Amino acid sequence: MEPVNRTEVSEFFLKGFSGYPALERLLFPLCSVVYLVTLLGNTAILVVSVLDSHLHTPMYFFLGNLSILDIWYTSTFVPLMLVHLLSARKTISFLGCTIQMCLSLSTGSTECLLLAIMAYDRYLAICWPLRHPVIMSHQLCLLLAGAAWVLCLFKSVTETVMAMRLPFCGHHVVSHFTCEILAVLKLACGDTSVNEGFLLVGAILLLPVPLAFICLSYTLILATTLRVPSAAGHRKASSTCSAQLSVVLLFYGTVTCMHLKPKSRAVSVSDEAFTVLHAVATPRRTLSSTA
């Protein structure tokens, strides 16, 4: 077997929307406003959740974690994306690409688990209101959130190291506006079957499994809500579930479209639009805070 002619890649070119200059001019103000709203909205939720003692509940504890994830996730690539929308030089260093990939994977994966944990919390709060404070103790909340953060960080570091150790043979044009792992893997000239298998297992564990758990929780919540005699209680439970279900559907809908679409060496503008919708324009915290 001939050795792979490996050429060191010091930086990557993020192609993004460079073929659509008119779209870039449109996206810059739109993404800037949405990013600013994301930062201000999630920061406000964090501040209020910490300062108001009445909000020191499991739901707002997990909501605070999701707000941190939202700020962290969007900040890993949106500022650089905004710079690239106005610049002809759309490059990122090898180290910067590695860090961006790892943080994006970690925060996105953690959110999948936290949404499932929040669904379980809502199930206990609505279906077992008297036992909810005992079961969802402060210690258990810390344990569940901490486990989600640590496990997903370990998984993401492993996936990132495996991807960035592949030979790229001088290929450095990423057909994306961020160092998304699937887009980077398409540049590798070595065997990526192990990486793709590892990603597939992770996608199964973090997409259909938590989603099935969420669906089960909200099915039980719906069944309990329909039996609530009080109209006010019925409305409150319904509003809580509808807000969080909207978040779940939008989050998992865009993620599923990105991961289950047919593989191709070329990434279309529609693929990137899906990622923008998922990463920048998904009003997850705003919807959840209405609960």
Side-chain angles (χ1 to χ4, degrees), residues 45 57-70 73 104-136 140-141 143-149 151-152 155-156 199-230 233-262 274-275 277-279 281-291:
I45 291 173
T57 62
M59 186 183 75
Y60 280 94
F61 170 75
F62 294 123
L63 182 59
N65 275 263
L66 288 175
S67 294
I68 295 173
L69 282 172
D70 222 15
Y73 179 63
S104 297
L105 285 171
S106 177
T107 51
S109 301
T110 305
E111 181 151 3
C112 291
L113 294 184
L114 284 179
L115 286 174
I117 295 172
M118 286 189 72
Y120 176 65
D121 172 67
R122 291 298 84 204
Y123 160 73
L124 291 176
I126 295 176
C127 300
W128 302 94
L130 298 181
R131 298 177 60 183
H132 173 251
V134 178
I135 298 176
M136 293 300 292
L140 181 60
C141 291
L143 178 62
L144 292 174
W149 281 86
L151 289 175
C152 291
K155 166 186 168 295
S156 302
L199 288 172
L200 178 61
V201 172
I204 292 174
L205 293 177
L206 291 173
L207 288 175
V209 174
L211 183 58
F213 184 81
I214 291 171
C215 291
L216 175 61
S217 298
Y218 281 109
T219 299
L220 296 174
I221 289 173
L222 179 62
T224 302
T225 301
L226 294 176
R227 295 196 299 266
V228 174
S230 169
H234 187 280
R235 285 194 300 271
K236 176 61 178 177
S238 298
S239 63
T240 300
C241 294
S242 61
Q244 294 188 4
L245 275 177
S246 299
V247 175
V248 171
L249 290 174
L250 192 53
F251 176 82
Y252 274 97
T254 52
V255 169
T256 301
C257 287
M258 288 188 294
H259 284 274
L260 299 184
K261 60 181 174 59
F274 265 122
T275 308
L277 172 65
H278 165 67
T282 305
R284 295 188 285 273
R285 300 310 141 251
T286 304
L287 287 170
S288 295
S289 62
T290 61

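All values reported here derive from a predicted model rather than from experimental measurement.
- Shortest non-hydrogen contact noted between Met118 and Met59 is CE-O, 4.1 Å.
- In summary, of the residues considered (Leu69, Asp70, Ile68), a side chain to side chain contact (heavy atoms under 4.5 Å, CB included) with Thr107 occurs for Leu69 alone.
- Taking CG of Leu105 as the reference point, atom OH of Tyr73 lies at 8.5 Å (rounded to 0.5 Å).
- Atoms OG1 and CD1, from Thr224 and Ile126 in turn, are 8.0 Å apart once rounded to the nearest 0.5 Å.
- We find the CZ-CG distance between Phe62 and Asp121 to be 6.0 Å, quoted to the nearest 0.5 Å.
- Trp128 is not listed as a side-chain neighbour of Val134, based on a closest heavy-atom distance of 4.5 Å or more.
- Taking OH of Tyr123 as the reference point, atom CG of Leu216 lies at 8.0 Å (rounded to 0.5 Å).
- Note that CE of Met136 is 10.0 Å distant from OG1 of Thr57, once rounded to the nearest 0.5 Å.
- What you find for Pro129 and Pro133 is that their closest heavy atoms are O-CD, 3.4 Å.
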Set out, in order, the CA-CA distance, both residues' side-chain angles and the distance that settles side chain to side chain contact (heavy atoms under 4.5 Å, CB included) for Leu113 and Leu144, then state yes or no. CA-CA 9 Å; Leu113 294 184; Leu144 292 174; over 6 Å; no
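- Here the shortest heavy-atom pairing between Ala148 and Ile117 reads CB-CD1, 4.5 Å.
- Put simply, the side chain of Leu205 does not reach to within 4.5 Å of the side chain of Lys155, judged on heavy atoms.
- Closest approach of Ser156 and Cys152 over heavy atoms only: OG-O, 2.7 Å.
- Here the CG-SG distance, from Leu222 to Cys215, works out to 12.0 Å after rounding to the nearest 0.5 Å.
- Summarising the geometry of Ile214 relative to Ala116, their closest heavy-atom pair is CG1-CA, 3.6 Å, with the distance given to 0.1 Å.
- Every residue two or more places apart in sequence or in another chain that forms a side chain to side chain contact (heavy atoms under 4.5 Å, CB included) with Ile204 is listed here: Leu200, Pro208.
- Nearest heavy atoms, Phe61 versus Cys141: CE2-O, 3.4 Å.
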